[in-house]
K.L.:
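Below is the structure I would like to discuss, written out as structure tokens.
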Amino acid sequence: MANSEQLQRSWAESSLATNDIDVISPYDGPMIVASSPQRDGKEPLGELSARDAEILAFERQWWKFAGAKEQAIRDKFQMSATRYYQVLNALIDKPEALAQDPLLVKRLRRLRATRQRNRSAKRLGIDLTIE
């Protein structure tokens with residue numbers, strides 16, 4: 001019985017810690033690991049965490065309306081859409097994500113690069129439209 005109480009208490013604490021208002025959240029650790037070339041040994045190379053795999057599976061879905069996706073992100077991952085996209089951007093840089101779903105990860109990387117290129121061109125006053 002003590003184990004189930006500990007499990008419930010740790011689950012309650014972790015669900016409270018996922019609030020986006022917190023300065024440091026449980027999602028900060030994986031982002032740091034994903035964005036840095038050094039690994040801290042928490043996970044073996046070649047395996048994604050369950051949350052990262054869920055994010056990739058979620059990102060495979062198509063949405064008709066932008067608001068529906070943001071609401072689904074909040075419901076499923078208990079984080080804001082902004083935080084979700086920060087985690088996703090760090091995730092698609094991981095070689096483990098590329099190994100798990102190369103088509104999706106390459107598409108997301110390509111879209112990100114296009115958006116970055118367009119932002120840079122706009123700042124420089126360059127028109128990239130093809131007529």
Side-chain angles (χ1 to χ4, degrees):
M1 194 61 120
N3 285 340
S4 67
E5 289 176 21
Q6 287 175 332
L7 183 62
Q8 287 176 344
R9 191 175 327 126
S10 67
W11 180 82
E13 290 170 359
S14 69
S15 66
L16 290 175
T18 60
N19 188 349
D20 284 339
I21 297 171
D22 295 338
V23 174
I24 299 174
S25 74
Y27 300 110
D28 288 333
M31 271 195 67
I32 293 167
V33 172
S35 62
S36 67
Q38 301 170 346
R39 298 198 44 92
D40 63 353
K42 287 186 180 177
E43 293 179 350
L45 187 61
E47 291 184 24
L48 286 176
S49 69
R51 181 184 64 105
D52 289 347
E54 273 187 68
I55 288 174
L56 285 179
F58 183 81
E59 200 58 33
R60 271 186 228 108
Q61 299 174 7
W62 291 90
W63 302 89
K64 281 188 176 182
F65 307 106
K69 184 175 183 181
E70 275 69 32
Q71 186 60 44
I73 288 168
R74 192 167 284 287
D75 294 342
K76 185 171 179 93
F77 299 108
Q78 289 81 40
M79 66 175 89
S80 68
T82 302
R83 184 67 179 146
Y84 169 82
Y85 288 113
Q86 290 171 343
V87 171
L88 178 64
N89 273 317
L91 176 60
I92 64 174
D93 288 331
K94 292 173 94 174
E96 296 91 344
L98 183 62
Q100 179 164 339
D101 194 341
L103 198 64
L104 174 69
V105 171
K106 287 180 181 180
R107 179 175 61 85
L108 294 172
R109 286 179 181 176
R110 187 177 61 251
L111 290 171
R112 179 179 63 183
T114 301
R115 286 190 302 269
Q116 288 172 341
R117 195 170 29 258
N118 289 339
R119 276 194 306 271
S120 295
K122 186 176 180 181
R123 276 188 223 121
L124 296 171
I126 301 169
D127 186 17
L128 293 179
T129 59
I130 300 172
E131 293 183 18

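Residue numbers run from 1 in the order of the sequence given.
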K.L.:
Under 4.5 Å between side-chain heavy atoms, hopping through other hydrophobics if needed: is there a path connecting Leu103 to Ile55?
P.N.:
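No; tracing contacts between hydrophobic side chains, which count when under 4.5 Å, never links both residues.
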
K.L.:
What's the shortest heavy-atom distance between Leu104 and Glu59, and which atoms?
P.N.:
CD1-O, 4.1 Å

K.L.:
With sequence neighbours left out, write down each residue that passes salt bridge (charged side-chain N to carboxylate O under 4.0 Å, His left out) with Lys122, or none if nothing qualifies.
P.N.:
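Partners of Lys122 by the salt bridge (charged side-chain N to carboxylate O under 4.0 Å, His left out) criterion come out as none, since no residue qualifies.
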
K.L.:
Can you name the side chain to side chain contact (heavy atoms under 4.5 Å, CB included) partners of Ala57, sequence neighbours left out?
P.N.:
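Partners of Ala57 by the side chain to side chain contact (heavy atoms under 4.5 Å, CB included) criterion, ordered by chain and then number, come out as Arg60.
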
K.L.:
Testing the basics here: between Met79 and Ile73, what is the closest heavy-atom pair and its distance to 0.1 Å?
P.N.:
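So the minimum-distance heavy-atom pair works out to O-CG2, 3.7 Å.
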
K.L.:
Distance check, rounded to the nearest 0.5 Å: Lys106 atom NZ versus Asp101 atom CG?
P.N.:
11.0 Å

K.L.:
Do Gln86 and Arg83 get their side chains close enough for a donor-acceptor pair, meaning under 3.5 Å?
P.N.:
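Yes, Arg83 and Gln86 have a side-chain donor paired with an acceptor closer than 3.5 Å.
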
K.L.:
Can you name the nearest heavy-atom pair linking Glu47 to Glu96, along with the distance?
P.N.:
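Glu47 and Glu96 have their closest heavy atoms at N-CG, 3.7 Å.
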
K.L.:
Quick one: ring-ring contact (aromatic ring centres under 6.0 Å, His included) pairs with a partner in residues 81-113, sequence neighbours left out?
P.N.:
Phe58-Tyr84, Phe77-Tyr84

K.L.:
With rounding to the nearest 0.5 Å, note down the distance linking CG in Asp52 to NZ in Lys94.
P.N.:
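Here the rounded value is 4.5 Å.
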
K.L.:
Distance from Leu56 atom CG to Leu108 atom CG, nearest 0.5 Å?
P.N.:
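The CG atom of Leu56 sits 8.0 Å away from the CG atom of Leu108.
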
K.L.:
Looking only at non-hydrogen atoms, find the nearest pair between Ala97 and Leu91 and report the distance.
P.N.:
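Looking at all heavy atoms of both residues, the shortest contact is CB-O, 3.3 Å.
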
K.L.:
Which atom names give the shortest non-hydrogen contact between Asp93 and Asn89, and what distance separates them?
P.N.:
OD2-O, 3.3 Å

